[in-house]
Number of protein chains: 2
Amino acid sequence: MALKYVVLTLLSRDAQTGYEIVKTFDTAVGYFWRASHQQVYRELGLLSDAGLASFKLQTQSDKPDKKTYRITAAGRRELMAWLEKPLKPGGNKDALLVKLLNADSKNKDILARELEETRQRTELMLKEYRNIETLHYSADVLDGLPTVERILYLALRKGIRMTEAQLAWLDEAVVTVKNL
Amino acid sequence: MALKYVVLTLLSRDAQTGYEIVKTFDTAVGYFWRASHQQVYRELGLLSDAGLASFKLQTQSDKPDKKTYRITAAGRRELMAWLEKPLKPGGNKDALLVKLLNADSKNKDILARELEETRQRTELMLKEYRNIETLHYSADVLDGLPTVERILYLALRKGIRMTEAQLAWLDEAVVTVKNL
DNA sequence: CTCCCATATGCAACATTGTGCATATACAGT
DNA sequence: ACTGTATATGCACAATGTTGCATATGGGAG
């Protein structure tokens, strides 16, 4: 349901090939949505079957042939309809908490180790996010930013806020588990 | 893959009926994992087919008959194996950010409204969480808490931290979208 | 007496998502 | 020659999640 709208969103900006969309998932969009290339190509096929996107085959001599997809009028309508329909809340699945529910004196060391590793990864992630922020979104740059870039910055801000909260929580969790 | 371990976790504590497990999903566990009753009953069927859980049929005269499930030795082994295997990170799908990527001068009002509504819901949620914390987890209670309760408190703490971060971010997002 | 709610279980169909496998060209480095 | 990386696409199967339907009892409210 949702991947469809992510792809439509990307196509609504520019006509693109599947390969380019995959790269977007690997970089910018990847911070809040992950999809494999298989998923992307399949979704593009479904979209064009449903008449929400169309494609042109472009032959290339130096590289493999490619298909450039563009969103159709029907695709835009579908996307707009989705935008106006409120999202239903919920869906916070947290496997780490499920693991912790199993914590006891026998396995607390294993779980503590996983918590520590998660903590380290989270800390690195936060550093990376903050690094991106200082490098690409300094105060003087922010004003002149086009809309899409502002939203991407907002995505980064969300990453930072959430990662900070996660890190603080992991500290609490480590203490709790160690003292079981 | 994952629902299986949530159900095994719940069964590893107590033998329970499907109905009881469903109620647990609607209350305590619901804060970090949602599942419908259909999913739960199906999963219980799959678990017992796989020999990871067994059940006893109990006839009742006043209420419908019920099946009480208990985890098997194989089920415990499977659960322990999962605990020791590190989780793979990632999977932060955020449909709200996808919507915001579509923001422009035409639809910014609709999106701003959804952001405001989300903000209100988030604020209520945070109040509820904090309320639960003061009511059930006052400082003097925390010491004597059994393990499971401590983990559930940890789940609540995560809810609080994350909801605070979400709320702070939503404030940023509202400002950004209004100024587009 | 009827309607709704809580208790208690489940199938079947469908939609969506994720994983493993497969193919093909060109260029750069070892 | 071989290996890796970038470009470019996709099928098939498995797992997961959603929706609609189906059944059955007992108690309380109106």
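Chain letters run A, B, ... following the sequence lines, proteins first, then strands; residues in each count from 1.
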What's [X] touching, base or sugar-phosphate or nothing? Going by heavy atoms closer than 4.0 Å.
| X | result |
| --- | --- |
| B/K4 | nothing |
| A/Y5 | nothing |
| A/T59 | nothing |
| A/A2 | sugar-phosphate |

Could you state whether A/V148 and B/L111 fall into the same hydrophobic cluster, counting links through intermediate Ile, Leu, Val, Met, Phe, Trp or Tyr residues with side-chain heavy atoms under 4.5 angstrom apart? yes
For the salt bridge (Lys or Arg N to Asp or Glu O under 4.0 Å) test, which of B/R130, B/K127, B/R157 pairs with B/E164? B/R130
Just the endpoints, please: which first and last nucleotides of DNA chain C, 5' to 3', lie under 4.0 Å from a heavy atom of chain B? C/dA6 to C/dT19
Can you measure [X] atom [atom1] to [N] atom [atom2] for me and round it to whole angstrom units?
| X | N | atom1 | atom2 | result |
| --- | --- | --- | --- | --- |
| A/H37 | D/dT7 | NE2 | C1' | 12 Å |
| A/K67 | D/dA8 | NZ | P | 14 Å |
| B/Y19 | D/dA24 | OH | P | 18 Å |
| A/Q38 | D/dA15 | CD | C1' | 15 Å |
| A/Y41 | D/dA12 | OH | P | 18 Å |
| A/Q39 | D/dA14 | CD | P | 17 Å |
| A/Q16 | D/dA8 | CD | C1' | 15 Å |

Check B/Q16, B/Q58, B/K56 against B/T68 for a side chain to side chain donor-acceptor pair (under 3.5 Å) and give me the one that passes. B/Q58
State the CG-OH distance between A/L52 and A/Y5, to the nearest 0.5 angstrom. 8.0 Å
When the nearest nucleotide of DNA chain C is assigned to B/K88 and to B/Y69 on a heavy-atom basis, which residue is associated with the more 5' position? B/Y69
Can you find a pair of side-chain heavy atoms, one from A/K158 and one from B/Q166, that are under 4.5 Å apart? yes
Could you tell me whether A/R70 atom CZ has more than 12 heavy atoms of other residues or ligands within 6.0 Å of it? no
Side-chain donor/acceptor of B/R34 to base of D/dG17, under 3.5 Å: no
Rounding to the nearest 10°, end axes of the helix from C/dC1-D/dG30 to C/dT30-D/dA1 built from five pairs each make an angle of 20°
Winner on side-chain proximity to B/L3, out of D/dG10, D/dG17, D/dC13, is D/dG17
Given the options A/L170, A/L167, A/T118, A/E123 meets side chain to side chain contact (heavy atoms under 4.5 Å, CB included) only with A/L167
Applying the ring-ring contact (aromatic ring centres under 6.0 Å, His included) test to A/Y31, which of A/Y129, A/Y153, A/F25 qualifies? A/Y129
Between A/E116 and A/K178, is there a salt bridge with N-O shorter than 4.0 Å? yes
